Amino acid sequence: MTKQKVVIALGGNAIQTGNGATAEDQKNACYQTAKQLAHISKLGHDIVITHGNGPQVGNIVLQQQLNQSEKLPAMPLDTCGAMSQGMIGYWLQNALYEVFQQEGINRTAATTVTQVVVDQNDPAFQHPTKPIGSFYDEAEAKELMEIKGYTMKEDAGRGYRRLVPSPKPLDIIEKDMIQSLVDHKFVVIAGGGGGIPVAKHEGKLIGVEAVIDKDLTTEKIAELIDADTLLILTAVEKIFLHFGSPQQQDLEQLTYEEALTYKEQGHFAPGSMLPKVEAALAFVDSNPGRKAIITSLDKAYDAVLGKAGTTILSKEACLS
């Protein structure tokens with residue numbers, strides 16, 4: 001099999017399964033994930049891994065809120081995101097080291113704290129959509145809106161949560177570092193939680209209170225380092241039409257045009273499959289030779305071999 005540069009987006013179940021929120025629970029989940037990734041590494045491919053951080057950064061934000069005082073002020077969201085990148089990166093590095101030792105794979109993993117450039121004029125800043133942190137009752141939510149200017153929204157009968165913007169990723173500050181590590185045969189962990197959102201201002205990078213979609217950041221990294229394959233891992237083996245209905249239909253291979261049509265017809269749920277399909281479309285559209293695969297973690301190896309998942313290709317690639 002021809003050597004490829006593969007960028008892999010890990011879903012939440014790769015870091016945390018069930019209600020296991022202890023460090024040991026999450027390290028065990030990372031170990032099981034590392035065993036799956038080792039199979040792909042054995043194929044000789046260059047690998048970059050991204051991951052989500054929703055539960056982890058939410059817990060960090062909550063810890064900051066609960067323990068803050070005049071002497072111990074709470075850290076802002078961008079800094080909490082950096083904390084989660086280091087924490088999860090450590091767990092994945094540690095797990096990959098152990099599995100590589102067991103499998104006789106002579107490779108090392110390295111984590112990059114990744115800053116992602118966003119536009120402060122992105123319309124997303126006027127319409128916050130990403131819920132973060134803990135739940136509040138109505139009175140607490142109103143107080144936070146008045147005192148801190150937060151946008152708060154009731155969340156499925158569980159209370160009110162803070163909403164933050166989700167701007168589009170424009171550039172990856174550490175892209176050259178990621179490329180250099182790949183060139184030196186490291187397995188690279190980058191873009192954790194969608195990256196740390198930063199805006200450029202007068203020669204500085206200013207942290208922004210926002211959460212970037214992890215799959216869109218993964219696509220941007222893959223595009224900028226000229227990857228061959230974007231592998232997005234989620235909870236299901238394939239993309240489905242009419243998901244959960246008697247008319248459910250699984251999809252094995254799509255052209256860019258077919259996937260775009262299904263997206264425009266509203267087949268993919270926002271906050272679930274939609275951003276994954278959007279990331280796949282953006283990657284395939286950036287170069288006719290690129291392909292994107294959406295599948296589950298346990299099918300990742302088979303998907304790279306073309307035996308599982310949903311593959312999205314350009315029309316030119318399908319005809320070649």
Side-chain angles (χ1 to χ4, degrees), residues 10-31 33 50-95 111 113-116 118 124-125 127-167 189 191-199 205-214 217 271:
L10 298 178
N13 62 330
I15 311 297
Q16 182 171 323
T17 56
N19 295 318
T22 69
E24 198 60 34
D25 290 333
Q26 293 174 90
K27 287 171 70 175
N28 286 336
C30 288
Y31 175 76
T33 295
T50 71
H51 60 82
N53 70 344
Q56 293 80 16
V57 78
N59 289 339
I60 291 171
V61 169
L62 179 58
Q63 289 165 350
Q64 295 289 315
Q65 292 170 343
L66 292 175
N67 296 306
Q68 67 178 320
S69 65
E70 188 174 336
K71 291 185 178 180
L72 192 64
M75 293 294 105
L77 182 56
D78 59 310
T79 301
C80 291
M83 292 179 186
S84 74
Q85 283 190 0
M87 179 174 69
I88 298 171
Y90 156 60
W91 291 337
L92 286 170
Q93 282 183 205
N94 188 277
T111 299
V113 176
T114 312
Q115 301 173 96
V116 180
V118 300
F125 286 103
H127 304 283
T129 57
K130 287 279 188 179
I132 65 163
S134 52
F135 291 89
Y136 300 90
D137 62 31
E138 186 174 0
E140 291 171 326
K142 287 182 177 179
E143 184 177 356
L144 286 169
M145 292 172 70
E146 292 173 3
I147 295 174
K148 296 196 173 184
Y150 288 173
T151 298
M152 307 291 292
K153 183 178 180 181
E154 201 275 332
D155 189 341
R158 296 176 293 176
Y160 287 78
R161 295 181 77 190
R162 180 187 175 193
L163 296 183
V164 297
S166 184
I189 302 160
I196 304 163
V198 295
L205 295 174
I206 309 298
V208 176
E209 292 272 306
V211 173
I212 305 169
D213 184 88
K214 175 260 299 178
T217 292

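Keep in mind it's a predicted model, so treat the numbers as computed, not measured.
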Trainee: Taking only residues two or more places apart in sequence or in another chain, which ones pass salt bridge (charged side-chain N to carboxylate O under 4.0 Å, His left out) with Glu154?
Mentor: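 Result, salt bridge (charged side-chain N to carboxylate O under 4.0 Å, His left out) vs Glu154: none returned.
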Trainee: Who pairs with Gln65 by side-chain hydrogen bond (donor to acceptor under 3.5 Å, both in side chains), at least two apart in sequence or on another chain?
Mentor: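 Gln65 satisfies side-chain hydrogen bond (donor to acceptor under 3.5 Å, both in side chains) with Ser134, Tyr136 once adjacent residues are dropped.
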Trainee: So, for Pro165 and Ala124, which heavy atoms are closest and what is the spacing to 0.1 Å?
Mentor: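 The answer is CB-O, 3.4 Å.
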Trainee: If you compare all heavy atoms of Ile196 against all heavy atoms of Val113, which two are closest, and at what distance to 0.1 Å?
Mentor: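 Residues Ile196 and Val113, closest heavy atoms: CD1-CG1, 3.5 Å.
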Trainee: So, taking the atom named CG in Asn59 and the one named CG in Leu62, what distance separates them when rounded to the nearest 0.5 Å?
Mentor: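 CG of Leu62 is found 6.5 Å from CG of Asn59.
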Trainee: Determine all donor-acceptor pairs shorter than 3.5 Å in which one atom belongs to a side chain in residues 72-94; sequence neighbours excluded.
Mentor:
residue: Ser84; atom: OG; partner: Asn53; partner atom: ND2; Å: 2.8
residue: Ser84; atom: OG; partner: Gly81; partner atom: O; Å: 2.7
residue: Gln85; atom: OE1; partner: Thr114; partner atom: N; Å: 2.9
residue: Gln85; atom: NE2; partner: Thr114; partner atom: O; Å: 3.4
residue: Gln85; atom: NE2; partner: Gly192; partner atom: O; Å: 3.0
residue: Gln93; atom: OE1; partner: Thr111; partner atom: N; Å: 2.8
residue: Gln93; atom: OE1; partner: Thr111; partner atom: OG1; Å: 2.7

Trainee: Please test Phe125 against Val118 for side chain to side chain contact (heavy atoms under 4.5 Å, CB included), starting from the C-alpha separation and ending with a verdict.
Mentor: CA-CA 10 Å; Phe125 286 103; Val118 300; 4.2 Å; yes
Trainee: With sequence neighbours excluded, tell me which residues meet side chain to side chain contact (heavy atoms under 4.5 Å, CB included) with Gln63.
Mentor: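 Gln63 satisfies side chain to side chain contact (heavy atoms under 4.5 Å, CB included) with Ile60, Asn67 once adjacent residues are dropped.
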Trainee: If I compare all heavy atoms of Ser166 with all of Val211, which pair ends up nearest, and what's the gap?
Mentor: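 Closest pair (atom of Ser166, atom of Val211, distance): OG-O, 2.9 Å.
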Trainee: Among residues at least two apart in sequence or on other chains, which ones pass side chain to side chain contact (heavy atoms under 4.5 Å, CB included) with Lys71?
Mentor: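 Result, side chain to side chain contact (heavy atoms under 4.5 Å, CB included) vs Lys71: Ser69.
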Trainee: Taking only residues two or more places apart in sequence or in another chain, which ones pass side chain to side chain contact (heavy atoms under 4.5 Å, CB included) with Ala141?
Mentor: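 In terms of side chain to side chain contact (heavy atoms under 4.5 Å, CB included), with neighbours along the sequence ignored, Ala141 is linked to Met152, Tyr160.
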Trainee: Excluding sequence neighbours, so at least two apart, what forms salt bridge (charged side-chain N to carboxylate O under 4.0 Å, His left out) with Lys142?
Mentor: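 If we apply the salt bridge (charged side-chain N to carboxylate O under 4.0 Å, His left out) test to Lys142, skipping adjacent residues, the hits are Glu138.
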Trainee: Who passes side chain to side chain contact (heavy atoms under 4.5 Å, CB included) against Gln115, sequence neighbours left out?
Mentor: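 For Gln115 the side chain to side chain contact (heavy atoms under 4.5 Å, CB included) partners, ignoring immediate neighbours, are Ile173, Glu174, Val198, Leu205.
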Trainee: Which residues pass the salt bridge (charged side-chain N to carboxylate O under 4.0 Å, His left out) test with Glu140, not counting sequence neighbours?
Mentor: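 In terms of salt bridge (charged side-chain N to carboxylate O under 4.0 Å, His left out), with neighbours along the sequence ignored, Glu140 is linked to no residue.
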Trainee: Looking at every non-hydrogen atom in both residues, tell me the closest pair between Cys30 and Ile15 and how far apart they are.
Mentor: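 Nearest pair, atom of Cys30 first, then Ile15: SG-CD1, 4.0 Å.
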Trainee: Find the distance between CG (Asp137) and CD (Glu143) and round it off to the nearest 0.5 Å.
Mentor: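 It is 9.5 Å, given to the nearest 0.5 Å.
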Trainee: Looking at CZ of Arg162 and CG of Leu144, how far apart are the two atoms once the value is rounded to the nearest 0.5 Å?
Mentor: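 Between Arg162 CZ and Leu144 CG, I get 9.0 Å after rounding to 0.5 Å.
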Trainee: Rounded to the nearest 0.5 Å, how far does CD1 of Ile189 lie from CG of Leu10?
Mentor: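 CD1 of Ile189 is found 9.0 Å from CG of Leu10.
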Trainee: Could you tell me which non-hydrogen atom of Pro167 sits nearest to which non-hydrogen atom of Ile212, and how far apart they are?
Mentor: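 Distance-wise, the nearest heavy atoms are O-CG2, 3.7 Å.
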